[in-house]
Amino acid sequence: MRIKDVELRIIQLPLVRPFRTSFGTQLERELLLMKITTHEGSQGWAECVAMSEPLYSPEYTMGAQDVMERFLLPKIFAYDDVRAEEVADILKPFLGHQMSKAAVETAILDAQLKLEGISFGSYLGSSKSEIDCGVSVGIASSIEALVAEVGLYIYEGYRRIKLKIEPGWDIEPVRIIREIWPDIPLQVDANQAYSRDDTELLKKLDQFNLLLIEQPLDEHDLLGHVLLAKEVRTPICLDESITSLESARDALAMKATTVINIKPGRVGGYLESVRIHDLCVENNIPVWCGGMLETGIGRAANIALASLPGFTLPGDTSASSRYFRRDITPPFIMNDGQLDVPTGPGIGVEIDHDFIEEITTSRKVISAP
Ligand code: NPQ
Ligand code: MG
């Protein structure tokens, strides 16, 4: 395909409730949307999952826009015929910036698959038409508020609950939720909030029959996770530490992790995600799809990915209503704890252009020279 132009748009979507993690409280979701138009007549959409501030990873919205405008897009424009399968190699000279690269590759893939009439699910290797949904629950203002929020999600049908934890909000909230719901699949996510000195505390989580502890230590402290995994019985699952196929391979070889959370933005795109999935299948490692408070655009593609056979644990692929009162696509609605995998060409969802226009705070079109 030959790319004609790229629209970069920043939108602000209010969240249905504040989302608190160990790295801060989010009241709304700022997102960078990319729309590419090709000379062949198709359009492709993607969202860059970077946050407004570099709190989860080093990337952030304005930095993502800058690296796209200054480096990634000019490099892509230099090719008058490009396919999604070539994008990662083309962009390889630029280090890091996985979320920005993922958005470029995904928008191109969407345009390509729309031309070919193939859905993301069939292209990536989907093996089912519905996926099991889990939900990520932020740090609450009180135990009562936490019980109310978890109760709502269980009532709505979520098949797995993930509690965000941090020092001072860990053993007690987990104990109470486990007491009230002894059988619900339950896991915790620390977003790097602990250190090697917290091993004794983290061992106390073993009594609650958790599926896993997600990213307890610093993303760079792989050895710390190896040492911790020898002390705790609950499986360790890395999130922030896994930024590529190579990092996944090394973390598994070192036994720093026995479960992997795949977030396409964090690893540079859906094609790298499939490679990590395949590695995990070969090694009998359970995989699940993470979430980054995506709109329907990113959610659609994540749900397609989560329908691959190695995704054996419910992901953070929740219904649209978990995050937004109104989405920029028709909402993903959960049915008996599951979401349908889109079947239309590309990401397979319609875009609500009028609503996007209403919530846009900046827009820029970059034309290929
Ligand atoms: C995680 N996601 O698994 C992330 C963290 C996260 C669903 O828990 C704005 C943008 C707010 C991205 C809050 C979930 C966010 C965000 C949390 C990502 O670690
Ligand atoms: Mg996480």
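Both counts, for ligands and for their atoms, begin at 1 and track the order of listing. Computed from a prediction, not measured in an experiment: that's the story for all the values here.
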message: Parallel, tilted or perpendicular, judged at 30° and 60°: which one describes the rings of Phe311 and His277?
response: parallel
message: I'd like to know if Arg249 and Glu246 make a salt bridge, using a cut-off of under 4.0 Å between side-chain N and carboxylate O.
response: no
field: Among Asp316, Ile161, Thr21, side chain to side chain contact (heavy atoms under 4.5 Å, CB included) partner for Ser136
entry: Asp316
query: Side-chain donor-acceptor pair under 3.5 Å between Thr295 and Glu47, yes or no?
result: yes
- prompt: Quick one: are Ile10 and Gln65 in side-chain contact, heavy atoms under 4.5 Å?
  reply: yes
Phe355 six-ring centre to Arg326 NZ/CZ under 6.0 Å and within 45° of normal: yes
query: Are Pro264 and Leu305 close enough that some pair of their side-chain heavy atoms sits under 4.5 Å apart?
result: yes
- request: Give a yes/no answer: is there an N/O/S atom of Asp239 under 2.8 Å from the Mg ion (ligand 2)?
  value: yes
field: Considering only N, O or S atoms of Asp189, the one closest to the Mg ion (ligand 2)
entry: OD2
message: Can you tell me if, anywhere in Glu214, an N/O/S atom lies at a distance from the Mg ion (ligand 2) that is smaller than 2.8 Å?
response: yes
query: If you count only heavy atoms, which residues are under 4.0 Å from ligand 1?
result: Phe19, Thr21, Phe23, Gln26, Arg29, Met51, Tyr56, Ser136, Lys162, Lys164, Asp189, Asn191, Glu214, Asp239, Lys263, Gly291, Met292, Leu293, Asp316, Tyr323
